[in-house]
Amino acid sequence: MIDFRYHLVSLISVFLALAVGIVLGAGPLRESIGDTLTGQVDQLRADRDDLRTELEASAADLAASNAYITAAGAELVDGTLTDRRVAVVSLGTVDGDALAAIESQLTDAGATVSAHATLTEAWSSSDLRSFRQALVSSISTYLDPQPADDASVDTTLSEALVQGLTGGEAADPDRLSSASGTLLEFLTTGDDPLVTVDEEVTAPADAIVLVSPAVAPDAVPADETPDAEEAQAATDAQIALARVAQARSEGAVVVDGPLVEGSLVAAIVGDEGAAGDLTTVSDADTVAGQVSVPLALNARIGGTNGHYGHGDDLTTVPSAGILPPPDRTPTSTGDAGTSGDAAGAEG
């Protein structure tokens with residue numbers, strides 16, 4: 001059993017060591033310790049200043065590069081989407097500056113942004129699955145063409161949104177059809193709207209750009225989060241929408257931030273079927289990525305599918321071609337005015 005004398009000896013040893021340290025530090029070792037600490041502090045300050053200088057130089061280089069790309073981008077995209085109407089769909093809460101820059105590049109390319117829609121959490125929330133199934137029953141009669149008989153709820157709702165954004169009157173292709181307006185009304189009203197729109201949609205789109213919220217490079221992988229099943233359901237719903245957007249329009253492009261695990265583009269590129277059907281652009285938070293959006297849409301309308309950005313198996317810059325003007329010939333009868341092949345797309 002440890003007695004009081006053991007504790008006493010331990011305390012004396014501690015205080016003795018402390019006293020020796022104080023005596024040495026204040027005496028023979030004072031200058032040596034002080035010089036060492038001063039030298040270390042000076043070195044740390046020098047390293048900090050060097051790093052700050054390098055950071056400022058890198059920031060200046062980046063700003064210069066972005067300025068060059070911005071100036072060159074205006075010439076690169078000019079005329080690549082002349083007279084096209086493009087609907088921009090945000091697949092959630094997207095950075096406003098990046099979104100504005102993307103829309104600016106589309107207009108510089110000669111396009112008109114005919115609509116800006118945003119998916120709400122209700123689009124894929126598991127708590128509202130029954131509500132979405134009931135909504136499908138209400139909107140099905142307004143869909144023309146109809147989705148496949150075995151189409152999922154995600155695909156049918158995607159049909160409703162895409163046809164709502166692209167359907168024109170047969171006799172006046174520059175005006176949104178009444179059926180399309182009804183579809184958008186179903187999706188944007190009620191206690192739990194699936195979609196919001198910034199302004200009333202009056203003209204049908206020729207093509208669609210889908211913008212996904214960027215995923216931070218250091219974010220926890222979706223399959224490791226508590227709501228992993230919910231995240232996967234949202235990804236599946238977004239891919240279903242992208243498939244329908246491509247099938248029911250002249251062309252569609254999925255736009256995302258950095259290509260990292262958990263991002264929508266990563267899910268598409270990692271799926272052989274989706275990768276072969278859908279066009280994507282990564283790094284939309286950079287000027288280079290934003291310039292690539294109209295170029296990629298031009299290529300997609302021209303029949304070329306690709307994945308653009310920086311990384312393995314990605315093409316750095318899309319190759320744009322000359323597109324024929326959009327066909328807006330009135331017809332006395334016909335479909336809802338959409339172009340593209342029949343979807344049959346499955347989510």
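All values derive from a computational prediction rather than experimental measurement.
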Verify, without hydrogens or angle tests, whether [X] (side chain) and [Y] (backbone) share a donor-acceptor contact under 3.5 angstrom.
X      : Y      : answer
Glu169 : Ser178 : yes
Gln105 : Leu295 : no
His307 : Asp313 : no
Asn298 : Ile322 : no
Ser125 : Glu121 : no
Ser90  : Val211 : no
Arg85  : Pro204 : yes
Ser249 : Gly251 : yes
Glu159 : Val244 : no
Ser263 : Ala266 : yes

Examine [X] and [Y] and state if one hydrophobic cluster contains both, with Ile, Leu, Val, Met, Phe, Trp and Tyr joined whenever side-chain heavy atoms are less than 4.5 Å apart.
X      : Y      : result
Val281 : Leu314 : no
Val153 : Leu241 : yes
Leu119 : Val201 : yes
Val113 : Leu210 : no

Any chance OH of Tyr142 has more than 12 other-residue heavy atoms, nucleotides or ligands included, within less than 6.0 Å?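 Not buried by this count: 12 neighbours or fewer within 6.0 Å.
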Considering residues, nucleotides and ligands other than Arg48, do more than 12 of their heavy atoms fall under 6.0 Å from its CZ? yes
[X] and [Y]: which non-hydrogen atoms are nearest, and at how many Å?
X      : Y      : result
Ser158 : Ala240 : OG-C, 3.8 Å
Tyr308 : Ala299 : OH-CB, 4.1 Å
Ala98  : Ala284 : CB-O, 3.9 Å
Val77  : Pro294 : CG1-CG, 3.6 Å
Leu176 : Gly164 : CD1-O, 3.4 Å
Ala203 : Ser114 : O-CB, 3.8 Å

Quick one: pull up CG in Asp256 and CG in Asp285 and give me the separation to the nearest 0.5 Å.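 Taking CG in Asp256 and CG in Asp285, the distance rounds to 9.0 Å.
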Find the distance between CD (Glu250) and CZ (Arg84) and round it off to the nearest 0.5 Å.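 So the gap between those two atoms works out to 4.0 Å.
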Using the rule side chain to side chain contact (heavy atoms under 4.5 Å, CB included), only one of Leu184, Leu183, Leu194, Ile208 pairs with Leu161; which is it?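 That would be Leu184; it is the only one of Leu184, Leu183, Leu194, Ile208 passing the side chain to side chain contact (heavy atoms under 4.5 Å, CB included) with Leu161.
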The single option from Leu165, Thr112, Leu297 passing side chain to side chain contact (heavy atoms under 4.5 Å, CB included) against Val86: Leu297
Is the closest side-chain heavy-atom distance between [X] and [Y] below 4.5 Å?
X      : Y      : value
Ile268 : Asp277 : no
Val88  : Glu103 : yes
Pro213 : Leu91  : yes
Leu264 : Thr235 : yes

Can a donor-acceptor pair be found between the side chains of Thr329 and Asp327 at a distance below 3.5 Å?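 Asp327 and Thr329 do have a side-chain donor-acceptor pair below 3.5 Å.
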Donor on one side chain, acceptor on other, Ser282 and His310, under 3.5 Å: no
Among Asp154, Thr155, Asp150, which one satisfies side chain to side chain donor-acceptor pair (under 3.5 Å) with Ser152? Thr155
For Asp206, is there an ion pair with Arg328 - N to carboxylate O distance below 4.0 angstrom?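 Salt bridge flag = yes for Asp206 with Arg328.
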